[in-house]
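Heads up, the thing below is written out as structure tokens.
Keep in mind the model is a prediction, meaning the values are calculated, not measured.
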Amino acid sequence: MRVRLRDAKAADREAFWKATLETAWRDIPEDERAGMDRREFESHFRQAAGPYLDDPRNTLFIAEDERGTPAGHILLGQTMPFYSSRPYGFIFDIYVAEWARRQGVGKQLIEFAFKWFQEQGLEKVKLEVADGNESARPLYLRMGFKMDRHVMGRSLR
Ligand SMILES: CC(C)(COP(=O)(O)OP(=O)(O)OC[C@H]1O[C@@H](n2cnc3c(N)ncnc32)[C@H](O)[C@@H]1OP(=O)(O)O)[C@@H](O)C(=O)NCCC(=O)NCCS
């Protein structure tokens, strides 16, 4: 399915939060999520992630199908590693609506990100993915991403 990307408007925000909160909740490591309250999580997450959405260096794009129905989104920006003053592009969030999955929309969103970053003169793009995310990981591998670094965790209970 072909999609067209456009800048997000204020009216897109609630749909963005709904999708992103769902993904973020699902991606919390199981041992941590067990003791968490969903409402508290949502309010904390909105506070913590809100600045990324409001940061003028970041842009949220909405993918629409041929009828103008939103089919997904991608939040793009830049970050700077501690070891270099050269920023790299960062995909903060990517989402495809359930009804639109496995039709190449995720691939188009990532291809769009590559072009967007290249136009800014960036030479590398990074993202984070939960180890258990069995849809996003294969997509990223398919799009040429390689594992850079692992975050490891161990329960202390
Ligand atoms: C991850 C996600 C964005 C993929 O979007 P999508 O539009 O379904 O992906 P595409 O159709 O472009 O898939 C391209 C390729 O990625 C791989 N892929 C995508 N979803 C997959 C899945 N569920 N299982 C295995 N491989 C998958 C396949 O190689 C696929 O090619 P194929 O369909 O020809 O086999 C979508 O599943 C999603 O929004 N998930 C919830 C949000 C999320 O987890 N975001 C990532 C946070 S890090």
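- The side chain to side chain contact (heavy atoms under 4.5 Å, CB included) with Ile91 is formed by just one residue from the set Val129, Leu75, Leu109, Leu127; it is Leu127.
- In terms of modelled atom types and a separation under 3.5 Å, the side chain of Thr23 and the main chain of Ala19 share a donor-acceptor contact.
- When the shell of 6.0 Å around CZ of Arg38 is examined, it contains more than 12 heavy atoms from other residues, nucleotides or ligands.
- The aromatic rings of Phe114 and Phe145 are tilted relative to each other, their planes meeting at an angle between 30° and 60°.
- Formation of a donor-acceptor pair under 3.5 Å by the Arg2 side chain with backbone atoms of Asp65 is not found in this model.
- In this structure, Ile94 and Phe61 have side chains that are not in contact, with every pair of non-hydrogen atoms separated by 4.5 Å or more.
- When the shell of 6.0 Å around CZ of Arg4 is examined, it contains 12 or fewer heavy atoms from other residues, nucleotides or ligands.
- The number of heavy-atom neighbours closer than 6.0 Å to CD of Glu98, taken from other residues, nucleotides and ligands shown, is 12 or below.
- Counted within 6.0 Å of CD on Glu64, heavy atoms from surrounding residues, nucleotides or ligands total more than 12; the atom is thus considered enclosed.
- In this structure a side-chain-to-backbone donor-acceptor pair under 3.5 Å is missing from Asn133 to Arg137.
- The shortest distance between side-chain heavy atoms of Phe90 and Leu76 does not fall below 4.5 Å.
- Counting only heavy atoms from C-beta outward, the side chains of His73 and Asp12 never approach each other to under 4.5 Å.
- Side-chain atoms of Asp93 and Phe16, non-hydrogen and from C-beta on, do get closer than 4.5 Å to each other.
- Atom OG of Ser135 sits about 6.0 Å away from atom CZ of Arg101, to the nearest 0.5 Å.
- Atom OH of Tyr52 is surrounded by 12 or fewer heavy atoms from other residues, nucleotides or ligands within 6.0 Å.
- Side-chain contact between Arg33 and Trp25: present, with at least one pair of heavy atoms (C-beta onward) separated by less than 4.5 Å.
- Atom NZ of Lys18 has 12 or fewer heavy atoms from other residues, nucleotides or ligands within 6.0 Å.
- Because its NZ or CZ atom is both nearer than 6.0 Å to the ring centre of Tyr88 and within 45° of the ring axis, Lys126 counts as a cation-pi partner of that residue.
- Once rounded to the nearest 0.5 Å, the distance linking CD of Gln120 with CZ of Arg57 reads 12.0 Å.
- Between the side chain of Gln108 and the backbone N or O of Gly104, at least one donor-acceptor pair lies under 3.5 Å.
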